[in-house]
A.B. asks: 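This is the structure I want to talk about, given as structure tokens.
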Amino acid sequence: MTRLVSALLLAVFSGLVSAADFAPFSNNGALARGFALPSLGRALLDQDPAKRGALYVDFLNEYHTDGAPLTESVLLDGETVRVAYGLRGGFSEVWEWNLEVPAYVQGGGFGDDLIEGWHETFGLPNGGRELAPQDQYHYQYVRNGTTVLDVTETGTRLGDMTIGLGWQWMDSSMLRMQIKLPTGDGERLTGGNAGVALWTDVAIPFAEDGRWSGYVSGGGSFNDEGEVLPQQQRAFVGFGGLGLRLRLYNSLHAYTQFYLHSSLYSDSELDPLSKPGAPAAFGLSWDVGDEAVFDLAFQEDLSVAASPDFSLRLGLRAR
């Protein structure tokens with residue numbers, strides 16, 4: 001284990017260049033992993049083409065229950081640790097490439113009490129979480145009295161690997177494409193189907209030497225049919241994002257990011273399937289010397305159903 005961690009850290013710091021302003025994030029909920037929803041907030045192309053890496057650990061906690069068993073009902077209850085390693089570099093002055101390999105550790109978790117207290121402290125809804133059994137792992141969907149999704153098996157599994165290409169078409173804008181490869185397992189809620197996303201990232205024109213920076217993004221994705229509710233999956237999903245960052249001190253920054261995507265499933269009256277996803281992230285980044293950036297952030301689900309209702313992120317990015 002020690003050798004594995006050491007190897008990952010060495011990979012993260014290979015080919016150091018300027019760090020991105022934001023820690024890119026998306027909707028990593030169990031029902032969203034079969035869709036090409038790219039992480040938004042990546043920096044514009046650097047002049048230095050050297051590669052650099054990033055390592056992210058996301059603690060995702062989901063709970064939602066709704067509906068009536070004889071007609072349509074859903075239960076989303078579980079905790080997942082997502083570990084992702086990414087690598088990115090540039091070539092030909094206006095082009096970049098990137099890849100990311102995620103893995104999921106799925107289980108009942110241990111954070112239900114903590115999250116219930118968090119929601120109560122800040123006046124946020126628990127959605128019935130406090131009435132459910134603690135620390136269970138169960139994802140179930142019943143339609144017309146038939147159980148069409150029932151996942152209780154825990155474990156560690158590979159997710160869908162992504163490969164991306166970007167083109168800087170203006171000084172402050174990037175056009176990007178990402179291909180999602182079916183390396184995950186649809187039956188275990190880690191992806192397992194192909195998809196492609198196209199979008200643009202545009203830097204907000206704050207003063208170059210000011211305390212603020214930001215971005216806006218928008219695009220769409222096309223997705224192959226997967227194993228999770230295949231008859232209801234939408235082939236096309238639109239998405240967009242907004243990020244704002246404030247320099248608090250020379251090496252300390254605060255940021256907030258908002259992600260919005262259209263509903264992922266059709267023909268349903270239940271919020272997790274019919275509502276747009278709207279995760280929001282709030283975090284701090286700390287420049288660790290001249291070599292790395294450490295991220296600490298938490299995410300809440302503004303739609304209260306269509307993305308994880310709480311997640312915590314730890315990240316380490318080459319600078």
Side-chain angles (χ1 to χ4, degrees), residues 20 22-45 51 54 56 58 82 84-92 94-104 157-170 173-202 215-243 257-266 273 276-279 306-307:
F22 298 87
F25 92 111
S26 178
N27 179 1
N28 291 314
L31 297 185
R33 293 171 198 151
F35 296 85
L37 294 173
S39 296
L40 303 179
R42 301 184 189 279
L44 300 182
L45 183 67
K51 65 180 182 296
Y56 294 110
D58 295 294
R82 181 181 186 268
Y85 174 67
L87 195 63
R88 178 172 175 242
F91 61 95
S92 299
V94 295
W95 291 91
E96 68 166 24
W97 60 268
N98 64 81
L99 62 87
E100 184 179 75
V101 181
Y104 295 90
R157 301 173 180 90
L158 188 66
D160 285 346
M161 177 180 175
T162 60
I163 299 174
L165 190 66
W167 172 52
Q168 185 167 329
W169 60 284
M170 293 177 61
S173 303
M174 291 287 296
L175 182 63
R176 289 187 161 113
M177 177 183 71
Q178 177 178 286
I179 298 173
K180 184 171 76 76
L181 304 177
T183 54
D185 184 346
E187 292 185 352
R188 300 295 179 262
L189 303 179
T190 65
N193 61 309
V196 60
L198 298 169
W199 77 100
T200 186
D201 293 321
V202 180
Y215 71 89
V216 292
S217 303
S221 75
F222 301 86
N223 304 276
D224 192 14
E225 185 177 285
E227 297 181 80
V228 179
L229 313 184
Q231 303 304 316
Q232 295 172 252
Q233 286 181 353
R234 295 188 184 274
F236 174 80
V237 178
F239 58 84
L242 167 69
Q257 296 173 267
F258 299 93
Y259 200 109
L260 179 66
H261 63 75
S262 58
S263 61
L264 303 179
Y265 299 89
S266 63
L273 305 180
S307 62

A.B. asks: To the nearest 0.5 angstrom, please state how far the CG atom of Leu37 sits from the CG atom of Leu264.
C.D. replies: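 CG of Leu264 is found 6.0 Å from CG of Leu37.
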A.B. asks: Give the intermediate values and the outcome of ring-ring contact (aromatic ring centres under 6.0 Å, His included) for residues Tyr265 and Phe35.
C.D. replies: CA-CA 11 Å; Tyr265 299 89; Phe35 296 85; 5.5 Å; yes
A.B. asks: Quick one: CD on Gln178 to OG1 on Thr162, what's the gap to the nearest 0.5 Å?
C.D. replies: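 The distance works out to 4.0 Å.
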A.B. asks: Tell me, with the steps shown, if Leu31 and Val228 meet side chain to side chain contact (heavy atoms under 4.5 Å, CB included).
C.D. replies: CA-CA 7 Å; Leu31 297 185; Val228 179; 4.0 Å; yes
A.B. asks: Under a 3.5 Å distance rule, please check whether Glu225 uses its side chain to pair with a backbone N or O of Gln233 as donor and acceptor.
C.D. replies: no
A.B. asks: Taking Thr183 for its side chain and Gly159 for its backbone only, find out whether a donor-acceptor pair lies under 3.5 Å.
C.D. replies: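 Yes, Thr183 side chain to Gly159 backbone: donor-acceptor pair under 3.5 Å.
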A.B. asks: Step by step, would you call Leu229 with Gln231 a side chain to side chain contact (heavy atoms under 4.5 Å, CB included)?
C.D. replies: CA-CA 6 Å; Leu229 313 184; Gln231 303 304 316; over 6 Å; no
A.B. asks: Is a donor from one side chain sitting under 3.5 angstrom from an acceptor on the other, for Ser26 and Asn28?
C.D. replies: no
A.B. asks: Quick one about Arg234 and Ser262 (side-chain donor to acceptor, distance below 3.5 Å, no hydrogens or angles considered), yes or no?
C.D. replies: no
A.B. asks: For Met174, is there any backbone N or O sitting under 3.5 Å from a side-chain donor or acceptor partner on Thr200?
C.D. replies: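 Answer holds: yes.
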A.B. asks: In Å, rounded to the nearest 0.5 Å, how long is the span from CG of Leu181 to CG of Asn193?
C.D. replies: 11.0 Å
A.B. asks: So, Ser221 side chain and Ala36 main chain: donor-acceptor pair closer than 3.5 Å or not?
C.D. replies: yes
A.B. asks: Measuring from atom OG of Ser307 to atom NE2 of His261, what distance do you get when rounded to the nearest 0.5 angstrom?
C.D. replies: 6.5 Å
A.B. asks: Rounded at 0.5 Å granularity, tell me how far CG in Asp201 sits from CZ in Arg42.
C.D. replies: 9.0 Å
A.B. asks: With a 3.5 Å cut-off and no angle check, do the side chains of Arg82 and Tyr104 form a donor-acceptor pair?
C.D. replies: yes
A.B. asks: Indicate yes or no for a side-chain donor-acceptor contact from Gln257 to the backbone of Gly243 under 3.5 Å, with no hydrogens or angles considered.
C.D. replies: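 No; judged by distance alone, with no hydrogens or angles, the pair does not exist.
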A.B. asks: For Thr190 and Asp185, test the side chains for any donor-to-acceptor distance below 3.5 angstrom and give the result as yes or no.
C.D. replies: no
A.B. asks: Look at the aromatic rings of Phe239 and Trp199 and report parallel, tilted or perpendicular, splitting at 30° and 60°.
C.D. replies: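 Perpendicular, since the angle between the ring planes exceeds 60°.
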A.B. asks: So, the side chain of Asp160 versus the backbone of Gly184: is there a donor-acceptor pair under 3.5 Å, distance only?
C.D. replies: yes
A.B. asks: Between atom OH of Tyr259 and atom CG of Leu40, what is the distance when rounded to the nearest 0.5 Å?
C.D. replies: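 Reported value, rounded in 0.5 Å steps: 4.5 Å.
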A.B. asks: Quick one: do Tyr215 and Leu242 satisfy side chain to side chain contact (heavy atoms under 4.5 Å, CB included)? Show the steps, please.
C.D. replies: CA-CA 6 Å; Tyr215 71 89; Leu242 167 69; 5.8 Å; no
A.B. asks: Is any side-chain heavy atom of Tyr56 less than 4.5 Å from a side-chain heavy atom of Pro102?
C.D. replies: no
A.B. asks: Counting N and O atoms only, with roles assigned by atom type, does the side chain of Asn27 sit under 3.5 Å from a partner on the main chain of Ala306, one being a donor and the other an acceptor?
C.D. replies: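 Flag set: sc Asn27 to bb Ala306 pair under 3.5 Å.
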A.B. asks: Could you tell me whether the side chain of Pro276 reaches within less than 4.5 Å of the side chain of Leu260, counting heavy atoms only?
C.D. replies: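 Leu260 vs Pro276: side chains touch.
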A.B. asks: Identify whether the distance between the nearest side-chain nitrogen and carboxylate oxygen of Arg33 and Glu227 falls below 4.0 Å.
C.D. replies: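 Between Glu227 and Arg33 there is no salt bridge, as every charged N stays at least 4.0 Å from the carboxylate O atoms.
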A.B. asks: Please lay out, stage by stage, how Trp97 and Leu87 fare under the test side chain to side chain contact (heavy atoms under 4.5 Å, CB included).
C.D. replies: CA-CA 8 Å; Trp97 60 268; Leu87 195 63; 3.8 Å; yes
A.B. asks: Is any NZ, NE, NH1 or NH2 atom of the basic residue among Arg176 and Glu96 found under 4.0 Å from an Asp or Glu carboxylate oxygen of the other?
C.D. replies: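 Yes, Arg176 and Glu96 are salt-bridged.
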